[in-house]
Amino acid sequence: KIILNQDVPNLGEEGDVCLVKDGYARNFLLPTGAAVVYNNSNLAVFKSKAAAIEKRKTAKRQASAELKDRLDSVELTLIVAAGESGKLFGSVTQTMIQEELAKLGFEIEKKRIEVATHAIKMTGNYTARIRLYENSSSIIKLIVKSEAEVKSEAAKAAKAAKEAKEAAEAEAKAAEAETENTNQEN
């Protein structure tokens, strides 16, 4: 039996009393300081800290709820190298998603990001789940595009802008010519 000093994924939160295998406690939890041995003196220490621990848990829950609200509206567009058929050269990984989220100001650990199909290997629309505090999680939308798609879209947009500019110039010339004709008649 041990008492957790900090939150341990898939085991419990700070202050929880857990029953774990001897080797897990002896080789990992106790040397890293993640837990202490369950005894009366350690139990008394944690009971005296119970209010502070509960206050930290409440703050973590509130921060998690705020982060969930912000993340639920996130839509990431990932631009990657891909073949003509849409098959990626490589795959979209948790690290790539983490880097894109960091660009938007979200500091999320890579191990908290879960891609539904483990590795995205085709262009298209996907979702990724981000585990937050306790059982709370957020779903973000991923749009995976190839570099060629982005270039062709940019070329189309540039062409449309050029055509719009030419149309505006032609319209301005026509309006100018019409005003000249009106001035000459007067």
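The shown structure was predicted, so the numbers you read here are calculated from the model rather than taken from an experiment.
- Both cation-pi conditions hold for K49 and F46: the charged atom is under 6.0 angstrom from the six-membered ring centre and inside a 45 degree cone around its axis.
- Between S138 and L67 the shortest side-chain heavy-atom distance does not fall below 4.5 Å.
- Counting only heavy atoms from C-beta outward, the side chains of L11 and L29 approach each other to under 4.5 Å.
- Within the 4.5 Å cutoff, side-chain heavy atoms of V36 are placed close to those of N5.
- For the atom pair CD of E54 and CZ of R56, the computed distance is 10.5 Å after rounding to the nearest 0.5 Å.
- Remark: the backbone N or O of F28 is paired with a side-chain donor or acceptor of T32 at under 3.5 angstrom.
- One hydrophobic cluster, built from ILVMFWY side chains closer than 4.5 Å, cannot hold both I3 and L30; they sit in different ones.
- When atom types are taken as modelled, the side chain of N42 and the backbone of Y38 share no donor-acceptor pair closer than 3.5 angstrom.
- Counting only N and O atoms by type, the side chains of S137 and R129 include a donor and acceptor under 3.5 Å apart.
- For N39, the CG atom counts as densely surrounded, since its 6.0 Å shell holds more than 12 non-hydrogen atoms of other residues, nucleotides or ligands.
- Distance OG1/T127 to CD1/I139: 5.5 Å, rounded to 0.5 Å.
- The minimum heavy-atom distance linking P31 with A25 is given by the pair CD-O, 3.7 Å.
- For K57 and D7, the salt-bridge test fails: no basic side-chain N is under 4.0 Å from an acidic carboxylate O.
- Within the 4.5 Å cutoff, side-chain heavy atoms of I130 are placed close to those of L101.
- Within the 3.5 Å criterion, the main-chain N or O of I108 finds a donor-acceptor partner in the side chain of Q98.
- Without hydrogens or angle criteria, D16 side chain to L4 main chain gives no donor-acceptor distance under 3.5 Å.
- Using a 4.5 Å heavy-atom cutoff, the side chains of T123 and K145 are not in contact.
- A 4.5 Å side-chain heavy-atom check between L142 and I97 finds at least one atom pair inside the cut-off.
- Residue Q6 places its CD atom among more than 12 non-hydrogen atoms of other residues, nucleotides or ligands, all under 6.0 Å distant.
- Closest approach of I53 and G15 over heavy atoms only: CD1-CA, 4.3 Å.
- In this structure, CG in L78 is found 10.0 Å from CD in E99, a value given to the nearest 0.5 Å.
- Using a 4.5 Å cut-off on side-chain heavy atoms (C-beta onward), L104 and L76 make contact.
- Of all non-hydrogen atoms in G105 and R70, the two that sit nearest each other are O-NH2, 4.1 Å.
- Look at R131 and E114 and you find a salt bridge, because one of the NZ, NE, NH1 or NH2 atoms lies within 4.0 Å of a carboxylate O, short of that distance.
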Using the rule given for side-chain contact (heavy atoms from CB on, under 4.5 Å), can you reason through L71 versus L132, listing the C-alpha separation, both sets of side-chain angles and the distance that settles it, and then say yes or no?
CA-CA 10 Å; L71 277 173; L132 303 170; 4.1 Å; yes
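- Considering CD1 of I113 and CZ of F106, their distance stands at 11.5 Å, rounded to 0.5 Å.
- Taking 4.5 Å as the limit, every side-chain heavy atom of V17 sits out of range of all side-chain heavy atoms of I2.
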